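Only heavy atoms go into these numbers, but all of them, side chains included; no hydrogens, no water, no symmetry mates. What you see is a predicted model; the values in this text were computed from it and never measured.
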Amino acid sequence: MPVNLALFFGSVLIWGSTWYAITFQLGAVHPAVSIAYRFLLAGSALLGWLALRRQPVLPRREGWGLIAAAGVLTFSINYFLVYRATELLPSGLVAVAGSVMSLMNVVNARLFLGQPMRPAVLAGGIMGVAGVLLLFTPRLDGGMLTGGALAGFGLMMGSNYSASLGNMVISKTRKAEMPLIGTTAWAMLIGALIMVIFAAAQGASFNVVPSVPYFLSLIYLALFGSIAAFLCYFTLLGRIGPGRAGYVAIMTPVVALVISTLFEDYRWTQPGIAGLVLAVSGNLLVMAPGMLGARSRRQPA
């Protein structure tokens, strides 16, 4: 298999399966505790990798503010809300609801980074939101989302916005030329620390159930979902550019829904199918300008 295809499918399959893997983290262990262990393991592994390669482990002093913001927004609030939403909704539906972040990214990039908002991109984002709402129609009761579905939808919208703000922070770290792996590692560790403090304030136990599915899913989420997939994606990004690499974000929810259908008995309906098509089409439209630009700038190898 060509390297680019291997990197693409590696990213899509790992990220698409992490939504289902989260379901094995729920139940007896407080979500904040599971998230803390996940990013403590992932962040430590990344710092260990840097140390083995004799690369700088500590970031520049002036970069700590951005790193802390990424830890709060991306690796604590965002994931805590995702875990809570997964307690209420099938994992595939949670993944597709996460695609609404594409519209939030467009709006926030305009507000915080001064990037222009193209009409086609805005239209694509609105299509994506409409598709997600269609996917939720089987959970309507008298025109309103039923209690658990409504709470799960709200949690995912909060998660999306937190993650989108985190993306703005990460964009600033890239513009400041801060080392990617070190920045990510310390942001993960800060996110883990915040979850430890939150769990302690909630009186949660830090003991985990001696369950094989729990430990295997924790290792999978930490080492594969939080490290391997990112390495695959960032390598792909460097090889083919951000436009075409963006297809990963489009295909990931599709894989998550397929897995949810196979293992969580997710039931497809005509509105659900139409919603998925609309959500994917909207995300394609959001990424189309970047894809066209990436293709026009591509140089022969």
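Transitive grouping of hydrophobic side chains (ILVMFWY, heavy atoms separated by less than 4.5 Å) brings Met251 and Leu5 into a common cluster. With hydrophobic clusters built from ILVMFWY side chains whose heavy atoms lie under 4.5 angstrom apart, Leu13 shares a cluster with Leu221. In the hydrophobic clustering of ILVMFWY residues, with side-chain heavy atoms under 4.5 Å counting as a link, Val3 and Tyr233 come out together. Hydrophobic clustering, with ILVMFWY side chains joined whenever heavy atoms are under 4.5 angstrom apart, groups Val169 together with Tyr161. Taken together through direct or relayed side-chain contacts under 4.5 Å among Ile, Leu, Val, Met, Phe, Trp and Tyr, Val277 and Val258 form parts of separate hydrophobic clusters.
For the residue pair Ser17 / Tyr220, a side-chain donor-acceptor distance below 3.5 Å is found, with atom types taken as modelled.
Taking 4.5 Å as the limit, some side-chain heavy atom of Phe215 sits within range of a side-chain heavy atom of Val208. Leu218 has its side chain within reach of Gln25: a pair of non-hydrogen atoms, C-beta onward, lies under 4.5 Å apart. At a threshold of 4.5 Å between non-hydrogen side-chain atoms, the residues Phe153 and Leu133 count as touching.
Under the 6.0 Å cut-off for aromatic ring centres, Phe80 and Phe198 qualify, their centroids lying closer than that.
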Exercise. How far apart are the C-alpha atoms of Phe263 and Thr23, what are their side-chain angles, what is the distance that settles it, and do they pass the side-chain contact (heavy atoms from CB on, under 4.5 Å) test?
Worked result: CA-CA 11 Å; Phe263 298 105; Thr23 63; over 6 Å; no

For this session: Show your reasoning for whether ring-ring contact (aromatic ring centres under 6.0 Å, His included) applies to Phe230 and Trp15.
Result: CA-CA 9 Å; Phe230 275 107; Trp15 272 332; 5.1 Å; yes

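Connectivity analysis of hydrophobic side chains (ILVMFWY, heavy atoms under 4.5 Å, direct or indirect) links Ile197 to Leu193.
Listed by chain and residue number, Ser159 satisfy the side chain to side chain donor-acceptor pair (under 3.5 Å) test with Asn78 (two or more places apart in sequence, or in another chain). Met127 is linked by a side-chain contact (heavy atoms from CB on, under 4.5 Å) to Leu278, Ser281, Leu285, counting only residues two or more places apart in sequence or in another chain. Partners of Glu87 according to the salt bridge (charged side-chain N to carboxylate O under 4.0 Å, His left out) rule, which considers only residues two or more places apart in sequence or in another chain, are Arg84. Residues that satisfy the side-chain contact (heavy atoms from CB on, under 4.5 Å) test with Ser171, not counting sequence neighbours, are Leu113. Applying the side chain to side chain donor-acceptor pair (under 3.5 Å) test to Thr183 and every residue at least two apart in sequence or in another chain returns nothing. A search for side chain to side chain donor-acceptor pair (under 3.5 Å) contacts involving Ser260 returns Glu264, not counting sequence neighbours. Asn167 pairs by the side chain to side chain donor-acceptor pair (under 3.5 Å) definition with Asn105, not counting sequence neighbours. The side-chain contact (heavy atoms from CB on, under 4.5 Å) check on Phe24 picks up Tyr20, Pro213, Ser217, with sequence neighbours excluded. Under the side-chain contact (heavy atoms from CB on, under 4.5 Å) criterion, Ala256 pairs with Trp19, Ala95, not counting sequence neighbours.
Results of the side chain to side chain contact (heavy atoms under 4.5 Å, CB included) test with Leu88 over Leu155, Leu93, Val94 single out Leu155 as the only residue that passes.
Closest approach of Met157 to Ala97, counting heavy atoms only: CE-O, 3.7 Å. The two residues Ile14 and Ala228 have their closest heavy-atom pair at CD1-CB, 4.3 Å. Closest of all the heavy-atom pairs between Ala279 and Val96 is CB-CG1, 4.4 Å. Minimum interatomic distance between Ser99 and Val132 (heavy atoms only, all atoms of both residues): OG-CG2, 3.7 Å.
A distance of 9.0 Å separates CG in Leu165 from OG1 in Thr74, rounded to the nearest 0.5 Å. A distance of 7.5 Å separates CD1 of Ile77 from CD1 of Ile194, quoted to the nearest 0.5 Å. In this structure, the separation between CH2 on Trp186 and CG on Leu50 is 10.5 Å, given to the nearest 0.5 Å. Leu7 CG to Cys232 SG: the interatomic distance, rounded to the nearest 0.5 Å, is 5.5 Å. Atoms OG1 and CE, on Thr184 and Met178 in that order, are 9.5 Å from each other to the nearest 0.5 Å. Note that CD1 of Ile190 and CE of Met188 are 12.5 Å apart. Values are rounded to the nearest 0.5 Å.
For the pair Thr269 (side chain) and Gly272 (backbone), a donor-acceptor distance under 3.5 Å is present. Formation of a donor-acceptor pair under 3.5 Å by the Asn160 side chain with backbone atoms of Met104 is not found in this model.
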Let me check something: any side-chain donor-acceptor pairs from residues 53-73 under 3.5 Å, sequence neighbours excluded? List them with distances.
unit_1: Arg60; atom_1: NE; unit_2: Glu62; atom_2: OE2; d: 3.0
unit_1: Arg60; atom_1: NH2; unit_2: Ala176; atom_2: O; d: 3.1

With a cut-off of 3.5 Å and sequence neighbours excluded, list every side-chain donor-acceptor pair involving residues 32-48.
unit_1: Ser34; atom_1: OG; unit_2: Tyr214; atom_2: OH; d: 2.7
unit_1: Tyr37; atom_1: OH; unit_2: Phe206; atom_2: O; d: 2.5
unit_1: Arg38; atom_1: NE; unit_2: Ser226; atom_2: OG; d: 3.1
unit_1: Arg38; atom_1: NH1; unit_2: Tyr83; atom_2: OH; d: 3.1
unit_1: Arg38; atom_1: NH2; unit_2: Ser226; atom_2: OG; d: 3.4
unit_1: Ser44; atom_1: OG; unit_2: Leu40; atom_2: O; d: 2.7

